[in-house]
Asks: 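Pasting a structure below so you can have a look.
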Number of protein chains: 2
Amino acid sequence: MHEGGKLYTSSHELAEWLGISSAQIRKDLSHFGEFGKQGTGYSVASLYEELRQILHLDREWQLIVVGSGNIGSAVASYSGFAQRGFRVVAFFDNDPNKVGAKVGSFIVQDNSEIASYVSENHVQHAMIAVPAQYAQQVADLLVDSGIRGILNYAPINLSVPDYVHVEYIDPVLHLQKMTYYLE
Amino acid sequence: MHEGGKLYTSSHELAEWLGISSAQIRKDLSHFGEFGKQGTGYSVASLYEELRQILHLDREWQLIVVGSGNIGSAVASYSGFAQRGFRVVAFFDNDPNKVGAKVGSFIVQDNSEIASYVSENHVQHAMIAVPAQYAQQVADLLVDSGIRGILNYAPINLSVPDYVHVEYIDPVLHLQKMTYYLE
DNA sequence: CAGTGTGAAAGTCTTCACAGCT
DNA sequence: AGCTGTGAAGACTTTCACACTG
């Protein structure tokens, strides 16, 4: 809506867009403040800005990538992260044949450098793009290094402490989530 | 656990693994049947099989891919789908320069062929790997063709009827889900 | 005695419906 | 008239705690 230049919207319009109820929209927003005007609805521009602040998307976040295979190196040449507030700042791998090589404009560093890099640069997010068998040990290393958010491409469940958040990207898993409802 | 050759597990062990309560595990399973033995727990092999049946993962599903750019063609050379029960059966694109070209062992067909292909082959799942600006119209076409599950790689929200299920893969969106909890 | 399956209780989330503002 | 923000009601989910079983 914001990109389309729309000026005002309502809880009803947002609800239809998202497939939930208008009461849900209003109740959810009410937990963070009063953003609407009776009779008018919500200013798209200011609601957009409020939501960016609420979700902490009003700043740039740094991101390291562990694993310099297919997925990892695809990230290096994809501008979508930087455009949307996530700056890729370093690549790591534990394979001696890959350490020292270039991935995009980055030189791959050894996994043993992760802890010092993360603490010196206050990085909070990491992407795991290593084979499934190494993913848990990389996760442990990241947690010990101080990483608080992990985007995991390995098709395996990670065990991490409560205060660390993990998001999973596994195309097959996503397909599997839908089959229950079919046939 | 199954791959590791484990014979028995308990609601407590599963709960710790998944980070939820043991009562939740037992209650959830109880909605589908009685799979455990008092004093012993659950047989890993038979629980695995029961879950595959409950989730409809005890069969092979077919999958078409719309969009033959970077993401689409990566799928063609990735064996993980077939290994885990999802067979990629056709590629489509609306770009005349791509229609007729080969992607892996597939010949890219025109989007106008989707409806007949889907109904003739009873395909239920599709992957959308087209630029964001075309994603909604592709989704509409897929829904009209009879597709019931969509895996969407375009960084945009899709509007579809209730009976169609959509899963989103957008790395930045997944990162954005975590920032609220940080800083 | 370890561990399930399950009613009942507690807790959480969603919807209703309306006073009140623009 | 149109739409928000919100208590209260209703619906749903999770946890408790225990009778019962192998």
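Basis for what follows: all heavy atoms, side chains included, without hydrogens, waters or symmetry-related copies. Here is the naming used below: chain letters follow the sequence lines, and residue numbers restart at 1 for every chain.
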Asks: So, taking the atom named CD1 in A/Ile64 and the one named CZ in A/Arg87, what distance separates them when rounded to the nearest 0.5 Å?
Replies: 14.0 Å
Asks: Which whole-number value in Å describes the distance from B/Glu50 CD to C/dT4 P?
Replies: 16 Å
Asks: Going by the angle between their ring planes, with limits at 30° and 60°, are B/His165 and A/Tyr181 parallel, tilted or perpendicular?
Replies: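 If you compare the ring of B/His165 with that of A/Tyr181, the planes turn out parallel.
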Asks: Between D/dC3 atom P and A/His12 atom NE2, what is the distance in whole Å?
Replies: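 About 7 Å, once rounded to whole Å.
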Asks: D/dG5 C1' sits how many Å from A/Gln38 CD, rounded?
Replies: 7 Å
Asks: Which nucleotide sits closest to the side chain of A/Lys37: C/dG5, D/dG5, C/dT22?
Replies: C/dT22
Asks: Let me spell it out: for each of A/Phe35 and A/Gly39, pick the nucleotide of DNA chain D with the closest heavy atom. Which residue's pick is nearer the 5' end?
Replies: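 Nearest-nucleotide comparison on DNA chain D picks A/Gly39.
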Asks: Checking A/Asp110 now: which residues fulfil side-chain contact (heavy atoms from CB on, under 4.5 Å) with it, not counting sequence neighbours?
Replies: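 So A/Asp110 forms a side-chain contact (heavy atoms from CB on, under 4.5 Å) with A/Val99, A/Ser112, A/Glu113.
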Asks: Hydrophobic side-chain clustering at under 4.5 Å (ILVMFWY, transitive links): who's grouped with B/Tyr48? Put none if nobody.
Replies: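 For B/Tyr48, no cluster forms, as it stays isolated from other hydrophobic side chains.
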Asks: What is the distance from CD of B/Glu34 to C1' of D/dA19, rounded to the nearest Å?
Replies: 14 Å
Asks: B/Tyr42 has an atom OH; how far is it from atom P of C/dG3, in whole Å?
Replies: 11 Å
Asks: B/Phe32 has an atom CZ; how far is it from atom P of C/dT6, in whole Å?
Replies: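 Taking CZ of B/Phe32 and P of C/dT6, I get 14 Å after rounding.
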Asks: Under a 4.0 Å N-O cut-off, is there an ion pair linking A/Lys6 with A/Glu13?
Replies: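 A salt bridge is present here (some side-chain N lies under 4.0 Å from a carboxylate O).
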Asks: In terms of ring plane angle, is the pair A/Phe92 and A/Tyr117 parallel, tilted or perpendicular, where the classes change at 30° and 60°?
Replies: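 Perpendicular: the ring planes of A/Phe92 and A/Tyr117 meet at over 60°.
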Asks: May I ask you to say what B/Ser11 touches in the nucleic acid, namely base, sugar-phosphate or nothing, with a heavy-atom cut-off under 4.0 Å?
Replies: sugar-phosphate
Asks: Can you tell me if A/Glu60 has over 12 outside heavy atoms packed within less than 6.0 Å of its CD?
Replies: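 Buried by this count: over 12 neighbours within 6.0 Å.
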Asks: In whole angstrom, what separates A/Leu29's CG from C/dT14's C1'?
Replies: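 The distance from CG of A/Leu29 to C1' of C/dT14 comes to 15 Å, rounded to the nearest Å.
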Asks: For nucleotides 11-17 of chain D, just jot down a letter per nucleotide in 5' to 3' order: B, S or -, based on protein non-hydrogen atoms under 4.0 Å.
Replies: ---SB-B
Asks: Check the distance between D/dG5's P and A/Leu14's CG and give it to me in whole angstrom.
Replies: 12 Å
